[in-house]
Chemist: 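Have a look at the structure that comes next, please.
Please read these numbers as outputs of a predicted model, since none were measured by experiment. These numbers come from the heavy atoms of this one structure, side chains and all, not from hydrogens, waters or symmetry mates.
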Amino acid sequence: QVRLVESGGGSVQAGGSLKLSCAASRRSFSSYAMGWFRQAPGKEREFVATISGSGGSTYYANSVKGRFTISRDNAKNTVYLQMNSLKPEDTAVYYCAVGRSYSATSNPSVYDYWGQGTQVTVSS
């Protein structure tokens with residue numbers, strides 16, 4: 001069983017920054033893409049960012065491009081999401097997930113394991 005533990009969420013004012021971390025118990029961590037998704041109240045879960053197994057490829061949702069950065073440290077089995085210039089519309093529960101393969105993808109159906117989520121609240 002793969003376990004994912006997210007941390008780093010919290011409350012910030014608009015324009016502020018947060019850095020989320022997700023530690024995974026996944027064997028051969030570097031063989032799998034990782035992704036971040038979020039779900040706001042009353043909305044469906046949406047893609048935020050993804051990174052390939054080596055970290056060489058990254059993709060972002062248009063809504064966060066230029067403000068968020070995904071990265072990973074395969075020696076620590078950890079993926080990060082640096083969030084800058086936060087906006088109230090970024091308020092959501094953020095989830096990390098382990099992909100089914102090496103390639104980065106925004107498709108949530110090919111992520112097999114999910115964390116419990118961490119709350120991010122941005123006030124105006």
Chemist: Could you tell me the separation between the OG atom of Ser71 and the CE atom of Met34, rounded to the nearest 0.5 Å?
Modeler: 11.5 Å
Chemist: For a quick test of reading the model, state the closest non-hydrogen atom pair linking Ala33 to Ser103 and the distance between them.
Modeler: CB-O, 3.3 Å
Chemist: Can you see which heavy atom on Ser109 is nearest to which on Asn107, and at what distance?
Modeler: OG-OD1, 2.7 Å
Chemist: Hey, is the main chain of Gly9 close enough, under 3.5 Å, to the side chain of Gln119 for a donor-acceptor pair?
Modeler: no
Chemist: Report the C-alpha distance between Ser21 and Lys76 in whole Å, list the side-chain angles of each, state the deciding distance to 0.1 Å, and finish with yes or no for side chain to side chain contact (heavy atoms under 4.5 Å, CB included).
Modeler: CA-CA 11 Å; Ser21 300; Lys76 296 182 178 180; over 6 Å; no
Chemist: Are Phe47 and Val79 connected in the hydrophobic side-chain network, where two residues link if heavy atoms are under 4.5 Å apart?
Modeler: no
Chemist: Mind checking whether Glu6 and Leu20 have side chains closer than 4.5 Å, heavy atoms only?
Modeler: no
Chemist: Could you grab the distance from atom CZ of Arg72 to atom SG of Cys22, nearest 0.5 Å is fine?
Modeler: 10.0 Å
Chemist: Once rounded to the nearest 0.5 Å, what's the spacing between atom OH of Tyr111 and atom CZ of Arg100?
Modeler: 11.0 Å
Chemist: Has Thr58 got a side-chain atom pairing as donor or acceptor with Ile51's backbone, closer than 3.5 angstrom?
Modeler: no
Chemist: Looking only at heavy atoms, what is the nearest atom pair of Gly99 and Tyr32, with distance?
Modeler: O-CD2, 3.4 Å
Chemist: Does any part of the side chain of Tyr59, heavy atoms only, come nearer than 4.5 Å to the side chain of Thr105, both counted from C-beta?
Modeler: no
Chemist: With rounding to the nearest 0.5 Å, note down the distance linking CD in Glu44 to CD in Gln39.
Modeler: 8.0 Å
Chemist: I would like to know whether Tyr95 and Leu4 meet side chain to side chain contact (heavy atoms under 4.5 Å, CB included); could you show each step before the answer?
Modeler: CA-CA 9 Å; Tyr95 300 89; Leu4 300 172; over 6 Å; no
Chemist: I'd like to check Arg67 versus Asp90 (side-chain heavy atoms, cut-off strictly below 4.5 Å). Are they in contact?
Modeler: yes
Chemist: Look at the aromatic rings of Phe68 and Tyr94 and report parallel, tilted or perpendicular, splitting at 30° and 60°.
Modeler: tilted
Chemist: Check whether any side-chain N or O of Tyr60 sits under 3.5 Å from a backbone N or O of Ile70 as a donor-acceptor pair, and report yes or no.
Modeler: yes
Chemist: Which class fits the ring pair Trp114 and Phe37: parallel under 30°, tilted 30 to 60°, perpendicular over 60°?
Modeler: tilted
Chemist: Working to the nearest 0.5 Å, report the span between CD of Gln13 and OG of Ser123.
Modeler: 5.0 Å
Chemist: Checking Tyr80 against Thr69: is there a side-chain donor and acceptor pair closer than 3.5 Å?
Modeler: no
Chemist: Quick check: closest heavy atoms across Val122 and Thr91, and the distance to 0.1 Å?
Modeler: N-OG1, 2.9 Å
Chemist: Spell out, yes or no, whether Val93 and Val120 are grouped together once hydrophobic residues are joined by side-chain heavy atoms under 4.5 Å, including indirect joins.
Modeler: no
Chemist: Could you walk me through whether Arg38 and Leu81 satisfy the side chain to side chain contact (heavy atoms under 4.5 Å, CB included) test, starting with their C-alpha distance in whole Å, then the side-chain angles of each, then the deciding distance to 0.1 Å, before giving a yes or no?
Modeler: CA-CA 12 Å; Arg38 68 186 182 187; Leu81 186 69; over 6 Å; no
Chemist: Taking Asn74 for its side chain and Gly53 for its backbone only, find out whether a donor-acceptor pair lies under 3.5 Å.
Modeler: yes
Chemist: Can you give me the closest heavy-atom contact between Ser57 and Ala104, atom names plus distance?
Modeler: O-CB, 4.1 Å
